[in-house]
Amino acid sequence: MDFPTFSVSIQMFGFVFFVLMAHIANGDVSYSFPEEMKRGSVIGNIAKDLGLDVSRLSSRKARIDTEGNRKQYCDINPNTGELTVAEKIDREALCGKKSACVIKQELVLENPLELHRFIINIQDINDNSPQFTEYVIEIEIQESADKGSRYLLDEAHDADIGVNSVQSYTLQNNEHFLLNVLTRDNERKYGELVLNKELDREQQKEVNLILTAVDGGTPPRSGTVAIHVTVLDANDNAPVFSQAVYKVSLPENSAVDTLVVTVTATDADEGQNGEVTYAFSHLSEKNRQLFFLDVRSGEIKLAGLLDYEEESSIELAIQAKDVPGLASYSTVLIDVVDVNDNAPIIIIKSLNSPVPENASPGTEVGIINVQDRDSENNGQVRCSIQQNVPFKLVPSIKNYYSLVTTGELDRELVSDYNITITATDEGTPPLSSTKNIHFTVADVNDNPPVFKEQNYRAHLQENNKPGSSICSVSATDPDWRQNGTVVYSLLPSDVNGAPVSSFLSINGDTGVIHAVRSFDYEQMESFKVLVSARDNGSPPLSSNVTVTVLIMDENDNTPQILYPSPDGNSFMTEMVPKAAQAGSLVSKVIAVDADSGQNAWLSYHIIKASDPGLFTIGVHSGEIRTQRDLSESDSMKQNLIVSVRDNGQPSLSATCALYLLISDNLAEVPELKDVSHDESSSKLTFYLIIALVSVSTFFLTFIIIILAVRFCRRRKPRLLFDGAVAIPSAFLPPNYAEVEGAGTLRSAYNYDTYLTTGSRTSDFKFVRSYNEGTLTADVTLKKTPSAVDDLEGLDADMSDSFQVILMVSLFCHISS
Ligand SMILES: *[C@@H]1O[C@H](CO)[C@@H](O)[C@H](O)[C@H]1NC(C)=O
Ligand SMILES: *[C@@H]1O[C@H](CO)[C@@H](O)[C@H](O)[C@H]1NC(C)=O
Ligand SMILES: *[C@@H]1O[C@H](CO)[C@@H](O)[C@H](O)[C@H]1NC(C)=O
C-alpha cells in the first residue's frame with residue numbers, strides 16, 4: 001500500500017518541479033511532462049513564460065517549428081499562448097533506454113520575426129511490463145546433480161527505465177528449486193535456479209516452473225516465463241527382481257529343456273542403464289550341469305535330470321546386472337517333487353536257517369528290513385510272502401518284519417522252503433521287488449524206525465547149517481543221518497528155556513537173521529522172537545516186530561512099523577478063516593513116521609508073497625485083504641513081506657514080514673512054535689503091552705468123560721464110531737493129540753499136519769481125514785458126517801491151537 005502512495009506523491013512533486021523549472025529557466029524555457037498524454041493536453045503557457053503579448057500572438061502568426069524535418073510534438077494556442085500536446089508521445093519509441101528524453105522545439109513569431117527556443121522533456125511512465133525473450137526456458141539437469149547446484153536463468157526485459165524497469169523475480173513454489181536473484185553491474189537484475197532437493201528421474205522426469213519478473217512502477221507490472229526442467233538419467237538404479245525368492249515345484253526326472261522358471265528384473269534407469277542381463281552367482285558344479293539360464297530372457301531350463309533322492313530342494317542364486325554394472329540378487333528355490341522311481345529294497349537282516357523241525361508255531365526265523373528311497377506314499381512299503389508256506393511276516397518296528405512260523409514243520413515232508421518276499425510301495429503306479437529266501441529244516445529225531453511188515457515169518461528147513469541166514473527184516477526211518485540210521489537187535493527172551501541168542505543172531509546193520517545152530521523139526525516146530533529196530537538219535541527211538549520162525553520138516557525119519565514087528569520075528573500070526581471070502585480084511589500093517597506131511601505120508605506095498613495074488617494091501621491103509629476066495633488048495637501058511645514107504649524126497653522105507661495061517665482052529669497050527677520066538681522077549685513085550693494098555697485105558701476114560709460131558713450138553717450124544725476093526729482093543733487111542741501149528745503151513749503143504757506132543761519115541765498114528773476112498777470096506781473104521789460135525793464143533797469149542805480127536809489107534813510091539 002505504501003508503494004502506490006509513494007509513487008503518486010513523487011509524480012505530483014515532479015509536476016510542481018517542472019512548473020518551477022519552466023519559470024526558473026528564463027531564456028531557454030523547458031517543459032517536462034509525462035509521455036502518453038492526450039492530444040491537446042496543456043503543457044504550459046509559453047507566452048507568459050516568454051513575456052509575450054498574448055493579444056498580438058495571432059497577428060504575429062505564432063507557430064511551433066522544428067529544426068530540420070523533425071517531428072512537431074507541440075502546438076500553441078494563439079489565443080491563450082498555451083502549449084498543448086500535438087500528438088501522443090511514446091518515450092520508449094522516442095528515446096529508448098536514455099535516461100533523459102529531451103527534445104528541442106522553436107517558437108516562431110513574425111512581425112517581427114522572433115525565434116524562441118524551448119525544450120520539452122518527456123518523462124517515463126510505467127507503461128511496459130517486463131518481458132522474457134522466450135516463452136519457455138529449457139533446462140536439462142542430471143538427476144545426480146548435487147544440492148546447491150545453480151542454473152542461470154534468462155533475464156526479463158522492461159522497456160521502461162528506472163524504477164519502472166525489472167526490479168525483482170519470483171519463482172513458483174516447488175519442492176526442488178529455490179530462486180536466487182542477482183544484480184549485474186548495470187543494475188539489471190537476473191535470477192538463477194538453486195537445486196534445493198535432489199532430483200530423481202525415476203520419480204519425476206521433468207519439472208515445470210513459472211518465473212515471474214516484476215518492475216518497480218506504480219502500479220507494478222510483471223511478466224512470466226515457463227521453466228521446463230528435463231531430468232537427465234543417471235545409472236542410479238540397480239535392476240530389481242520381480243520376486244525376492246522364486247519358489248518352483250518340479251517333479252524329479254522332468255525332461256531336459258523343461259522350463260523351470262523365468263526370472264525377471266526391471267531397471268528403472270533408461271537405455272543401457274536399464275538393460276538387464278541375468279546370470280547365476282555361486283553355482284555348484286553339479287547344478288551348473290543341471291541348469292541353464294538364458295542371459296537375456298531370464299529363462300531357467302533343465303539341462304539334466306533332477307533326482308529327488310539326491311537333493312529334494314535346490315537353491316540357485318541368480319544375479320541381474322545392467323550394462324554399467326549395477327547388480328542385484330535373487331534366489332530360485334526349486335522344490336523337487338518326488339516321483340515313484342525307486343523300487344523297494346528288501347534286506348535280510350538275519351536268518352536262522354536251518355530251522356529245527358520241532359520249532360513251535362510263532363518261532364522267529366528271520367528279520368527282514370525293507371527300504372524305499374522315495375518319500376511319502378511312494379516310500380510306504382507293504383511286504384508279503386506267498387501263500388501255502390507255514391511262514392508269515394509280522395510287521396515289527398518301522399520297516400522291520402519278523403518272519404515267523406505259522407505251523408508245525410516236518411522235515412520228512414518238506415525239507416526246505418523257498419520263500420518269496422514281495423515288497424510293494426504305494427506309489428502310482430506302484431513299484432515292487434521280490435527276494436527269495438531259502439530255508440532248510442533241520443532234523444529232529446521224531447520218527448521211530450518202522451518195519452516194512454507188521455510181522456515176519458521165517459521158514460527154516462530143519463537140519464540147517466549153523467550160520468545160515470534165515471530171513472531178513474528191514475525197517476526205515478525217514479529222519480536224517482544218524483537220526484534215521486537203523487540198528488537191528490534181538491530182544492532177549494527165552495525159547496524153550498534157552499536164551500534166544502543161542503538160536504538166532506541178527507546182523508545189526510543189514511537186519512539179516514542167522515541161525516546159530518541146527519534145528520530139529522521134531523523137537524521144535526516154531527518159535528517167536530522179538531526184533532527191535534533202533535535209530536541212532538539221541539535219545540534213540542525204536543520199534544519192535546515179531547519174527548515167527550517156522551521150522552520145516554525134512555524127511556529124516558524112516559517109517560516105523562508098529563505092527564507087525566518089522567524084523568519078521570513076530571510071534572503073532574494072523575489067523576485067516578478058511579471060509580474067508582474075497583475082500584475080507586485079514587490084517588493090517590500099522591506104521592508111523594516121525595516126520596510130517598509128505599514125509600509122513602506112508603504107502604504100503606507087498607514086495608514078496610508066498611502066494612502072490614492071494615492077498616492085496618491097501619496102499620494107504622495098510623489093510624491086507626484076500627483077493628479071492630480061499631480054497632483048499634491054498635497053502636495053510638502064507639508069508640508076506642510088506643514094505644512101508646514114506647513120500648519124502650528121497651523116500652525112506654521099512655519092511656516087515658507077516659505070517660498068515662489059514663485055519664479055523666489054532667490047534668491046527670502045528671508049526672506055531674516055529675513062528676513063536678524068544679520067550680523072554682515075548683514076556684517083555686507082554687509087560688509093555690500091559691503097561692501101555694493101562695495107561696491108554698486111563699487116558700481113554702478121561703477123554704470119554706470129557707466127551708460125555710460135551711455130548712450130554714448137546715443132549716444127543718453119539719457114538720464116535722460105529723464100525724469096528726479086527727484090531728485088538730488094547731490098541732485103543734494113546735495120549736496123542738494134534739497140535740495145530742501155523743495155519744499157513746497147513747495150506748502150504750496141502751495136507752494135514754501130523755504132529756506129536758511127545759518125544760520121538762512116542763509111537764502113535766494120528767489120522768484125521770483119510771480119503772474116503774482108502775477106507776471102502778464095511779469093516780473098516782468109518783466116520784459118519786455127523787460125528788465129524790460134532791468133532792468139528794468140538795474143535796471150535798476147545799482151545800485155539802489145540803484139538804483133540806481120538807481115533808482108533810493100533811498098537812503093536814516095537815521090537816528093539
Ligand atoms: C528252491 O530254489 C532252488 C533254486 O532256486 C531250487 O533248487 C530248490 O529246489 C527250490 N526248493 C523248493 C522247496 O522249492
Ligand atoms: C538228530 O536229532 C537231534 C534232536 O533229536 C538233533 O539235535 C540233531 O541235530 C539231529 N541230527 C542230524 C544229523 O540232523
Ligand atoms: C519193545 O519190546 C521191549 C521188550 O518187550 C519193550 O521194553 C519195549 O518197550 C518195546 N518197544 C516198543 C517200541 O514197543
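For ligands, and for the atoms within them, numbers begin at 1 and follow the listed sequence.
Gln386 places a side-chain N or O within 3.5 Å of a backbone atom of Thr420 that can act as its donor or acceptor partner. Checking side-chain atoms of Tyr417 against main-chain N and O of Ile437 turns up no donor-acceptor pair under 3.5 Å.
For ligand 2, the atoms sitting less than 4.0 Å from at least one non-hydrogen atom of Arg481 are 13 (C), numbered in the order shown with element in parentheses. Residue Trp480 approaches ligand 2 through these ligand atoms, each under 4.0 Å from one of its heavy atoms: 13 (C), 14 (O).
Environment of CZ in Arg481: sparse, with no more than 12 heavy atoms of neighbouring residues, nucleotides or ligands closer than 6.0 Å. Around CD of Glu376, the count of heavy atoms belonging to other residues, nucleotides or ligands within 6.0 Å does not exceed 12.
Protein heavy atom in closest approach to atom 2 (O) of ligand 3: Asn544 ND2, 2.2 Å. What sits closest to atom 4 (C) of ligand 3 on the protein, heavy atoms only, is Leu491 CD1, 4.0 Å. Protein heavy atom in closest approach to atom 5 (O) of ligand 3: Leu530 CD1, 4.1 Å. The closest protein non-hydrogen atom to atom 14 (O) of ligand 2 is Asp443 CB, 3.4 Å.
Within the 4.0 Å heavy-atom shell around ligand 3 one finds Ser542.
For the residue pair Asp535 and Asn445, a side-chain donor N or O sits within less than 3.5 Å of a side-chain acceptor on the partner.
Ring geometry, Tyr456 versus Phe451: the interplanar angle exceeds 60°, so the pair is classed perpendicular (tilted spans 30 to 60°). The aromatic rings of His620 and Trp601 lie parallel to each other, their planes meeting at an angle below 30°, with 60° marking the opposite boundary.
Protein heavy atoms are absent from the space less than 4.0 angstrom from atom 7 (O) of ligand 3.
Within the set Asn483, Thr485, Asn445, the minimum heavy-atom distance to atom 10 (C) of ligand 2 is found for Asn483.
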